[in-house]
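Quick caveat, the model's predicted, so the values are computed rather than measured. Indexing begins at 1, ligand by ligand and atom by atom, following the structure's order. Sequence positions, counted from 1, serve as the residue numbers for this chain.
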Amino acid sequence: MRPEVEIPDSPSDPYPIIVNNAEVVPGFGRGSSEMGIPTANVPIDSSEQLKNLETGVYFGFVRVMSDNSNQNRQRHQVSRIDGKSSVTLTYGEGLKETDRKVFPMVMSLGWNPYFKNKQKACELHILHKFATSFYGARVNFNVLGYIRPELDYTTLEALIKDIQIDIDTAKEYLQKPGYEKWAGGV
Ligand code: ADP
Ligand code: RBF
Ligand code: MG
């Protein structure tokens with residue numbers, strides 16, 4: 001059962017937490033295929049504040065940027081965490097102009113108890129339909145509030161239902177003036 005968490009009308013200490021230029025890395029590949037909810041995974045150590053944040057579900061704003069640095073011009077294949085499949089790093093090359101804007105996001109930080117991960121993950125589900133995947137791209141984002149702790153579930157459907165509530169919650173709060181103004185700096 002998800003606990004009732006009181007969310008204030010504007011970000012309060014320690015938020016906003018600001019993360020710049022984090023790399024989009026491959027995860028287990030479960031987000032899109034098993035759940036229909038893709039998540040852009042970023043290394044936990046992208047930011048000291050992120051590393052020290054308690055596990056749970058958060059919300060904020062994000063912008064995806066292509067990585068045009070010279071050594072990255074070549075596309076290539078890299079293995080997923082489980083080593084069973086690979087993804088193509090595009091560095092965000094195929095993204096459209098409309099994909100490069102600031103969007104609301106929900107962030108999951110933790111061990112994914114339902115899947116019993118052995119590695120702590122930080123994953124952003126961005127509330128936008130992208131033209132392509134963007135592994136190897138960079139993201140700037142801010143974390144503006146906390147929604148709930150991460151939970152275990154008896155079914156995948158129950159997990160997906162809770163994520164849908166997280167998405168609705170994020171949309172509701174991010175359009176309030178106290179949050180909306182933080183879209184500007186991302
Ligand atoms: P992985 O386990 O490798 O992270 P996912 O199934 O979670 O795989 O898919 C994540 C990838 O999907 C992201 O890295 C990104 O390239 C792409 N993607 C497409 N649309 C979105 C979106 N709306 N939010 C997050 N990632 C997205
Ligand atoms: N996984 C869990 O095991 N427990 C959770 O409470 C949980 N909450 C999530 C909330 C959001 C908003 C998102 C995007 C994901 C969440 N997940 C949770 C993570 C999910 O298991 C993960 O995205 C997939 O395993 C794909 O990597
Ligand atoms: Mg993912």
Side-chain angles (χ1 to χ4, degrees), residues 1-3 5 7 22-44 46 54-67 75 77-96 98-141 143-174:
M1 272 293 289
R2 47 186 298 144
V5 175
I7 303 175
E23 187 183 359
V24 177
V25 297
F28 287 99
R30 285 193 295 245
S32 317
S33 59
E34 284 185 40
M35 306 203 307
I37 304 170
T39 57
N41 293 43
V42 301
I44 292 275
S46 300
E54 69 170 294
T55 60
V57 180
Y58 297 82
F59 64 96
F61 290 106
V62 60
R63 182 200 296 278
V64 182
M65 304 163 297
S66 42
D67 184 349
R75 285 172 163 245
Q77 299 279 121
V78 291
S79 278
R80 290 191 183 281
I81 297 180
D82 61 6
K84 289 186 192 134
S85 58
S86 64
V87 305
T88 304
L89 296 187
T90 64
Y91 309 100
E93 215 178 51
L95 293 173
K96 301 229 159 70
T98 48
D99 296 329
R100 300 169 192 272
K101 305 212 176 325
V102 175
F103 299 111
M105 63 84 176
V106 278
M107 179 180 100
S108 162
L109 179 70
W111 307 91
N112 299 357
Y114 180 78
F115 292 101
K116 304 194 166 46
N117 286 2
K118 298 205 164 52
Q119 233 178 309
K120 196 167 159 188
C122 177
E123 321 173 30
L124 279 60
H125 173 61
I126 305 171
L127 306 186
H128 173 70
K129 181 121 186 55
F130 287 89
T132 62
S133 70
F134 44 85
Y135 290 105
R138 299 283 169 156
V139 287
N140 284 353
F141 62 96
V143 181
L144 300 179
Y146 173 81
I147 300 179
R148 63 172 174 91
E150 55 169 0
L151 302 168
D152 200 354
Y153 294 86
T154 49
T155 64
L156 187 61
E157 289 66 39
L159 168 59
I160 293 173
K161 230 180 192 168
D162 251 3
I163 295 177
Q164 199 53 56
I165 297 175
D166 300 331
I167 292 171
D168 292 343
T169 305
K171 281 184 182 160
E172 179 190 339
Y173 281 88
L174 290 172

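Of all atoms in ligand 2, listed by their number and element, those nearer than 4.0 Å to a heavy atom of D166 are 10 (C), 12 (C). Against a heavy-atom cut-off of under 4.0 Å, S32 is close to the following atoms of ligand 1: 5 (P), 6 (O), 9 (O). Each of the following atoms of ligand 1 lies closer than 4.0 Å to a heavy atom of G31: 6 (O), 7 (O). Residue E123 approaches ligand 2 through these ligand atoms, each under 4.0 Å from one of its heavy atoms: 22 (C), 23 (O), 26 (C), 27 (O). Using a 4.0 Å cut-off to heavy atoms of E150, the atoms of ligand 2 that qualify are 6 (O). Of all atoms in ligand 2, numbered sequentially from 1 with element shown, those under 4.0 Å from a heavy atom of V57 are 8 (N), 10 (C), 12 (C). For ligand 2 and M35, the ligand atoms under 4.0 Å from any heavy atom of the residue are 20 (C), 22 (C), 23 (O), 24 (C). In summary, the atoms of ligand 1 found under 4.0 Å from a heavy atom of N41, numbered by their order in the structure, are 4 (O). The atoms of ligand 1 that sit less than 4.0 Å from any heavy atom of R80 are 1 (P), 2 (O), 3 (O), 8 (O). When each atom of ligand 2 is checked for a heavy atom of V106 under 4.0 Å away, the hits are 12 (C). Applying the 4.0 Å criterion to heavy atoms of Y114 picks out, from ligand 2, the atoms 3 (O). Near G29, the atoms of ligand 1 lying under 4.0 angstrom from a non-hydrogen atom of the residue are 1 (P), 2 (O), 3 (O), 6 (O), 8 (O). Near H128, meaning under 4.0 Å from any of its heavy atoms, are these atoms of ligand 1: 23 (N). Residue-ligand proximity, G31 to ligand 2, at heavy-atom distances under 4.0 Å covers atoms 26 (C).
Looking at S133, A137, P26, A131, it is S133 that brings a heavy atom closest to atom 17 (C) of ligand 1. Which of G56, A170, S108 comes nearest to atom 16 (C) of ligand 2 through a heavy atom is settled by distance: it is S108. In the candidate list L156, L151, N117, L151 is nearest to atom 2 (C) of ligand 2, counting heavy atoms. Among I165, L124, I163, N112, the residue whose heavy atom sits closest to atom 11 (C) of ligand 2 is I163. With atom 10 (C) of ligand 2 as the reference point, the heavy atom nearest to it among M107, R30, R148 is part of R148.
Taking atom 10 (C) of ligand 1 as the reference point, the nearest protein heavy-atom neighbour is T39 O, 3.0 Å. When only non-hydrogen protein atoms are considered, atom 20 (N) of ligand 1 lies nearest to F130 CD1, 3.7 Å. Atom 26 (N) of ligand 1 has its closest protein heavy atom at A40 N, 3.5 Å. Of the protein's heavy atoms, I126 N, 3.1 Å lies nearest to atom 24 (N) of ligand 1. In terms of protein heavy-atom proximity, atom 14 (C) of ligand 2 is closest to T39 CG2, 3.7 Å. When hydrogens are left out, the protein atom nearest atom 11 (C) of ligand 1 is Y135 OH, 3.5 Å; that is the closest non-hydrogen contact. Protein heavy atom closest to atom 18 (C) of ligand 2, with residue, atom name and distance, is L159 CD1, 3.6 Å. Atom 12 (O) of ligand 1 has P38 CB, 3.9 Å as its closest protein atom, hydrogens excluded (heavy atom only).
Within the 3.5 Å criterion, the main-chain N or O of M65 finds no donor-acceptor partner in the side chain of R100. Within the 3.5 Å criterion, the main-chain N or O of N112 finds a donor-acceptor partner in the side chain of E150. Under a 3.5 Å cut-off, the side chain of D162 and the backbone N or O of L159 do not form any donor-acceptor pair.
Within the model, atoms CG of D99 and CZ of R63 stand 12.0 Å from one another, a figure rounded to the nearest 0.5 Å. I160 CD1 to I165 CD1: the interatomic distance, rounded to the nearest 0.5 Å, is 12.5 Å. Here the CH2-NZ distance, from W111 to K116, works out to 14.5 Å after rounding to the nearest 0.5 Å. Atom CG of L156 is separated from atom CD1 of I163 by 8.5 Å, given to the nearest 0.5 angstrom. Residue Y114 holds its OH atom at 10.0 Å from CZ of R30, rounded to the nearest 0.5 Å. Distance check, rounded to the nearest 0.5 Å: NZ of K84 to CG of D82 gives 5.0 Å.
Within the structure, the closest approach of Y153 to ligand 2 falls below 4.0 Å when heavy atoms are considered. Note on ligand 2: P113 sits in its first shell, one or more heavy atoms being nearer than 4.0 Å. The shell of residues lying under 4.0 angstrom from ligand 2, judged by heavy atoms, excludes E34. For the pair F28 and ligand 2, no heavy-atom separation below 4.0 Å is found. Proximity of V87 to ligand 1 is not established, as no heavy-atom distance is less than 4.0 Å.
The side chain to side chain donor-acceptor pair (under 3.5 Å) test with D166 is passed by exactly one of R148, K171, K161, H125: R148.
The two residues P26 and I81 come nearest to each other via the heavy atoms O-CG1, 3.8 Å. Looking at every heavy atom in both residues, P3 comes nearest to L151 through CD-CD1, 4.4 Å. When all heavy atoms are compared, the tightest approach of A170 to F59 is CB-CB, 3.7 Å. T88 and Y135 make their closest contact through O-CB, 3.7 Å (heavy atoms, listed as atom of the first residue, atom of the second, distance). Minimum heavy-atom separation, E54 to Y146: OE1-OH, 4.2 Å. In plain terms, the two heavy atoms of C122 and M107 that are nearest each other are SG-SD, 3.8 Å.
With 2.8 Å as the limit, T39 counts as an N, O or S neighbour of the Mg ion (ligand 3).
Only the side chain of V24 comes within 4.0 Å of ligand 1, counting heavy atoms alone; its backbone N, CA, C and O stay farther away. Contacts with ligand 1 closer than 4.0 Å are made by heavy atoms of both the backbone and the side chain of F134. Under 4.0 angstrom from ligand 1, the non-hydrogen atoms of L124 all belong to its backbone.
Surrounding CD of Q77 are more than 12 heavy atoms belonging to other residues, nucleotides or ligands, all under 6.0 Å away.
Using a 30° and 60° split on the angle between ring planes, H128 and F130 fall in the perpendicular class, above 60°.
Every N/O-N/O distance between S33 and ligand 1 stays at or above 3.5 Å. At least one N or O atom of G27, backbone or side chain, sits closer than 3.5 Å to an N or O atom of ligand 1. Ligand 1 has an N or O atom lying under 3.5 Å from an N or O atom of F28, backbone or side chain.
At least one side-chain heavy atom of R2 sits less than 4.5 Å from a side-chain heavy atom of I147.
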| message | Using the rule given for side chain to side chain contact (heavy atoms under 4.5 Å, CB included), can you reason through Y91 versus L89, listing the C-alpha separation, both sets of side-chain angles and the distance that settles it, and then say yes or no? | response | CA-CA 6 Å; Y91 309 100; L89 296 187; 3.4 Å; yes
